Amino acid sequence: MQSTITNKSGIILDITRANSLASELVINAKISRPVRRKKLSISTIHDITTTLAIYDTFIESETMKKRRYKELQELLKRAQREKELYAQNDEIISVYRYFNQITNYLIETL
């Protein structure tokens, strides 16, 4: 299994470091330990969280970060428009709250 990630600019990021960045992000966003464990054990949620953590760490432009985080916040707001469709699905609500909490943290720290 490959243990590094290389992006277009040739930066090599060790998978362990990426996982560490994701863990650090959710801890700083004050996601509870049981929720962290459960959500980060789901590969899709883990990958999105890791992507957000890497972006937050390596993108230096505050303007770019602000725009991307506002876009993410808008996506989460759009999900609320039809919230009655999800009212009976606790997992979807839980994932929404997880990413909403992370997004709010990222915006607050700009």
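Owing to the predicted nature of the structure, the values given are computational and were not obtained by experimental measurement.
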Path from Ile102 to Ile92 over hydrophobic side-chain contacts below 4.5 Å: no
Shared ILVMFWY cluster between Leu25 and Ile31, side chains joined below 4.5 angstrom? yes
Could you tell me the separation between the NE2 atom of His46 and the OG atom of Ser41, rounded to the nearest 0.5 Å? 10.0 Å
Point-to-point distance, once rounded to the nearest 0.5 Å, from CD1 of Ile27 to OH of Tyr105: 10.5 Å
Looking only at heavy atoms, what is the nearest atom pair of Lys39 and Glu91, with distance? NZ-OE1, 3.8 Å
How far does CZ of Arg17 sit from CD1 of Ile54, to the nearest 0.5 angstrom? 9.0 Å
Could you tell me if Lys38 and Ser94 have a donor-acceptor pair between their side chains, going purely by distance under 3.5 Å? no
Over 12 non-hydrogen atoms of neighbours within 6.0 angstrom of CD in Gln88: no
Enumerate, atom names and distances included, each donor-acceptor pair closer than 3.5 Å involving a side-chain atom of residues 61-69, sequence neighbours excluded.
unit_1: Ser61; atom_1: OG; unit_2: Thr63; atom_2: N; d: 3.4
unit_1: Ser61; atom_1: OG; unit_2: Met64; atom_2: N; d: 3.1
unit_1: Lys65; atom_1: NZ; unit_2: Asp56; atom_2: O; d: 2.8
unit_1: Lys65; atom_1: NZ; unit_2: Ile59; atom_2: O; d: 3.2
unit_1: Arg68; atom_1: NE; unit_2: Glu71; atom_2: OE1; d: 3.0
unit_1: Arg68; atom_1: NH2; unit_2: Glu71; atom_2: OE2; d: 3.1
unit_1: Tyr69; atom_1: OH; unit_2: Asp56; atom_2: OD1; d: 2.7

Can you give me the closest heavy-atom contact between Ala87 and Ile93, atom names plus distance? O-CD1, 3.7 Å
Criterion side-chain contact (heavy atoms from CB on, under 4.5 Å) on Arg33 and Arg37, from CA distance to verdict: CA-CA 6 Å; Arg33 181 175 295 200; Arg37 283 187 182 145; 3.5 Å; yes
Are Tyr86 and Leu75 joined in one hydrophobic group, where the rule is that I, L, V, M, F, W and Y side chains link up if heavy atoms are under 4.5 Å apart? no
Examine distances only and state if a side-chain atom of Thr57 and a backbone atom of Ala53 form a donor-acceptor pair shorter than 3.5 Å. yes
Between CD1 of Ile48 and CG of Leu40, what distance do you get to the nearest 0.5 Å? 11.5 Å
How many angstroms lie between atom CD1 of Ile45 and atom OG1 of Thr49, to the nearest 0.5 angstrom? 7.0 Å
Counting C-beta onward and ignoring hydrogens, is there a side-chain heavy-atom pair between Lys83 and Tyr96 closer than 4.5 Å? no
Which value, rounded to the nearest 0.5 Å, describes the distance between Asp90 atom CG and Arg97 atom CZ? 8.5 Å
Quick check on the hydrophobic clustering: are Leu52 and Phe58 connected, directly or via other members, by side-chain heavy-atom contacts under 4.5 Å? no
For Asn104, is there any backbone N or O sitting under 3.5 Å from a side-chain donor or acceptor partner on Gln73? no
